[in-house]
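Below is one structure, written out as structure tokens; comments come after it.
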Amino acid sequence: MDKKKTQAFFEGREIKAYTIFGAHPVKKGVEFTLWAPHAQKISVIGSFNDWDPEVDPMKKDDETGIWTATVKEAAPGDSYKYRVTQVTGDIVDKIDPYAFYSEKRPQTASIIADLSFDGWTDQKWMDQRTVGFDDPISIYEIHVGSWKRDPEMGPNDFVNYLDIVDDLIEECHKNHFSHVEVMPLCEYPFDGSWGYQCTGYFSTTSRYGTNQDLMEFVNRLHNAGIGIIMDFVPVHFVKDNFALARFDGTPLYEYPNPDDANSEWGTANFDLWKEEVRSFLMSAANYWLDVYHFDGLRADAISNAIYWKGNKERGMNEGACNFMKRMNFTLKQEYKGKIMLIAEDSTDFPNVTKSTLDGGLGFDYKWDLGWMNDTLKYLKMDPIYRQYHHNDITFSMAYFYSEKFILPFSHDEVVHGKATIVDKMWGSYEDKFAQARALYTYMFTHPGKKLNFMGNEIGMFREWDEQKGTDWFLLEYPMHAAFEKFFEDLTGIYADNDAYYFGYDPTNFQWINADDASRNLFSFMRKSKDKTFITILNFSTNPYKAQFGVPHKGIYREILNSQWSKYNGTLIDETPQAVKALRLSRNNFPYMIEINVPALGGQIFVVDNPVEKSKK
């Protein structure tokens with residue numbers, strides 16, 4: 001083993017450790033390389049040697065703690081493990097921490113994999129992709145195994161990536177989703193963890209196909225103009241004895257202090273202060289970007305890294321924060337700022353999306369979980385009481401420009417007794433859909449990028465279950481078909497007008513009236529160079545003929561009303577309102593429009609901006 005090659009690994013700077021460690025086919029067989037400094041003895045066991053630990057012992061470099069062996073009889077497709085005699089004297093069969101493929105659960109062995117793929121045709125996409133600050137980013141979060149699962153499938157049957165990719169592309173195009181975000185595709189033992197409790201950080205889960213199937217899946221999305229983001233889990237890992245936990249008899253990957261090592265999920269927390277663990281996780285992050293051409297990563301449970309075990313009272317975990325800064329900075333350098341790094345962080349920790357060069361954590365985006373919680377809490381309550389909670393809707397703009405936010409309605413909001421987005425809404429069946437349409441009008445006209453979990457676009461009523469497919473049959477029912485049509489039209493307005501997605505400029509948003517609490521009314525504008533868009537939201541059960549201040553003269557044309565009958569709303573007459581602004585001051589604006597506002601409705605109006613006269 002070339003010690004210069006491993007120096008960066010031990011310094012916590014390596015982002016391609018998967019080229020050093022793991023099982024790599026060579027001319028003379030397969031070369032196995034493993035870091036386990038405290039082990040007394042290690043052998044490679046596998047299908048190529050009848051799992052006999054005496055056949056292929058590994059040789060240890062005492063200075064680095066790296067073990068190596070070249071096995072002539074081994075080949076891609078063979079399964080293997082490491083038989084480790086730990087420092088404690090215990091003998092344990094462990095998977096390869098750097099395995100590229102694994103047996104399908106409940107089997108756990110690693111599999112020698114060939115990562116070559118000659119089918120890439122996405123170079124144009126790779127050259128032109130950006131981090132998307134000035135693009136209409138709308139992310140479609142999916143669980144691959146249940147997005148389009150056949151009801152006839154049993155619990156041990158799984159879809160293949162390539163079985164769903166064409167339908168997925170069609171769904172993204174129809175609803176103007178710019179990116180697909182897949183829940184973790186690293187190998188994991190328990191289906192019910194959805195991939196968030198991993199064993200193989202470099203191992204593509206064997207549930208949905210081969211390594212090459214996933215590469216083709218990504219390639220097909222790219223050629224269709226769709227990006228792909230993967231959930232990445234850098235905070236914790238499963239404690240199963242065959243995996244990373246106490247790998248060589250010591251806490252090699254986890255914190256040495258049991259109180260710090262044990263997470264709230266019954267998993268083990270990575271020791272993010274240890275340089276070799278930093279290289280491991282940075283390389284795992286880079287692996288999906290490099291080998292599989294992913295366009296970004298959404299880092300899970302970042303609050304549990306920022307603070308010790310996610311507890312602000314225990315203080316900031318400085319080592320974990322330094323790790324995130326280093327990882328984000330290094331990946332940005334490697335990909336010239338073209339990949340998205342997204343933090344799922346529920347804290348108010350500052351500067352999560354600020355550059356590391358300016359003291360921030362260096363993520364590109366952060367989920368706005370405060371916006372999500374406040375908004376859904378507001379819409380769950382009886383409209384009679386909403387006037388006393390008006391701030392739940394207006395508060396987000398008080399802090400919005402402190403970070404670069406994504407507005408998320410993710411899988412976390414539609415599982416385990418939480419009710420789906422539509423079902424969270426107050427009132428009757430019809431009222432729920434009316435408010436969901438108004439909610440989405442609010443979401444897509446509010447500043448920030450967007451994320452929706454699969455099924456949100458058709459108004460799913462059943463909570464998500466990873467063992468059941470999306471209820472696509474609902475589209476046979478008028479209310480759901482109309483909701484999908486509404487979602488398609490609304491997201492088209494978002495995607496086609498830069499007033500809604502261009503940058504994070506505070507001058508792009510302005511309240512018209514943020515204080516009309518007694519009527520549950522909200523009004524604001526979004527501005528581009530050529531047009532001004534007005535959003536009116538009525539979260540009460542009363543219709544109004546209401547007046548709103550506007551910035552300039554012109555004809556304000558209604559381009560969307562969530563209560564139009566084509567969306568199964570209450571308005572039979574779908575004639576868009578076209579209102580001429582009067583020179584009467586309202587809400588501190590020089591002009592005023594008077595419009596009909598439906599109950600439980602959302603409306604969008606547009607007006608051309610005045611053309612500036614050239615100075616002679």
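Note that OH of Tyr494 is 11.5 Å distant from OH of Tyr500, once rounded to the nearest 0.5 Å. Considering CZ of Phe509 and OH of Tyr401, their distance stands at 7.0 Å, rounded to 0.5 Å. Note that the CD atom of Glu463 and the NZ atom of Lys418 stand 10.0 Å from one another [nearest 0.5 Å]. In this structure, CD on Glu484 lies 10.5 Å from CG on Asp489, to the nearest 0.5 angstrom. In this structure, the separation between CZ on Phe444 and NE2 on His176 is 10.5 Å, given to the nearest 0.5 Å. In this structure, CZ in Phe363 is found 11.0 Å from CZ in Arg298, a value given to the nearest 0.5 Å.
Ring geometry, Phe483 versus Phe486: the interplanar angle falls from 30° to 60°, so the pair is classed tilted.
Between the side chain of Asp498 and the backbone N or O of Ser528 there is no donor-acceptor pair closer than 3.5 Å. Using a distance-only test at 3.5 Å, with no hydrogens or angles considered, a donor-acceptor pair links the side chain of Asn160 to the main chain of Leu162. Distance alone, capped at 3.5 Å, is enough to place a donor-acceptor pair between the Asn328 side chain and the Met324 backbone. Using modelled atom types, one side-chain atom of Tyr442 and one backbone atom of Ile393 make a donor-acceptor pair closer than 3.5 Å. A donor-acceptor pair under 3.5 Å is absent between the side-chain atoms of Gln603 and the main chain of Asn561, judged by distance alone. Side-chain atoms of Arg278 come within 3.5 Å of backbone N or O of Leu272 as a donor-acceptor pair. Put simply, the side chain of Arg437 never gets that close to the backbone of Gly602: no donor and acceptor are under 3.5 Å apart.
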Please report the C-alpha distance between Asp364 and Lys404 in whole Å, then the side-chain angles of each, then the deciding distance to 0.1 Å, and finally whether the salt bridge (Lys or Arg N to Asp or Glu O under 4.0 Å) criterion is met.
-> CA-CA 7 Å; Asp364 297 302; Lys404 291 183 174 65; over 6 Å; no

Next item on the list: Determine, stepwise, if the pair Asp348 / Lys312 fulfils salt bridge (Lys or Arg N to Asp or Glu O under 4.0 Å).
Entry: CA-CA 10 Å; Asp348 59 358; Lys312 190 174 182 178; 3.0 Å; yes

Q.
Applying salt bridge (Lys or Arg N to Asp or Glu O under 4.0 Å) to Arg220 and Asp166, what does each step give before you reach the verdict?
A. CA-CA 8 Å; Arg220 297 266 287 276; Asp166 290 335; 2.8 Å; yes

Just do the side chain to side chain contact (heavy atoms under 4.5 Å, CB included) check on Tyr399 and Phe405 with the steps written out, would you? CA-CA 10 Å; Tyr399 64 80; Phe405 282 115; 3.7 Å; yes

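Between the side chains of Asp213 and Thr210, a donor-acceptor pair is found at a separation under 3.5 Å. Side-chain atoms of Asp122 and His293 form a donor-acceptor pair, as typed in the model, at a separation below 3.5 Å. A donor-acceptor pair shorter than 3.5 Å can be found between the side chains of Asp295 and His222. There is a side-chain donor-acceptor pair under 3.5 Å between Ser540 and Asn538. If you check the side chains of Tyr208 and Asp163, you find no donor sitting under 3.5 Å from an acceptor.
The pair Lys338-Asp127 fails the salt-bridge criterion, with no side-chain N (NZ, NE, NH1 or NH2) lying under 4.0 Å from an Asp/Glu carboxylate O. Ion pairing of Asp191 with Arg105 is present here, as a side-chain N (NZ or NE/NH1/NH2) and a carboxylate O approach within less than 4.0 Å. A salt bridge links Glu187 with Arg207: the distance from a Lys NZ or Arg NE/NH1/NH2 to an Asp or Glu carboxylate oxygen falls below 4.0 Å.
A salt bridge (Lys or Arg N to Asp or Glu O under 4.0 Å) with Asp392 is found for one member of Arg386, Lys377, Lys380 and no other, namely Lys377. Between Tyr140 and the choices Glu457, Glu181, Lys450, the side-chain hydrogen bond (donor to acceptor under 3.5 Å, both in side chains) rule is met once, by Glu457. For the ring-ring contact (aromatic ring centres under 6.0 Å, His included) test with Phe409, the passing option among Phe453, Trp371, Phe487 is Trp371; the others fail. Partner of Phe202 under the ring-ring contact (aromatic ring centres under 6.0 Å, His included) criterion, out of Phe280, Trp288, Phe232: Phe280 alone.
Glu413 pairs by the side-chain hydrogen bond (donor to acceptor under 3.5 Å, both in side chains) definition with nothing, not counting sequence neighbours.
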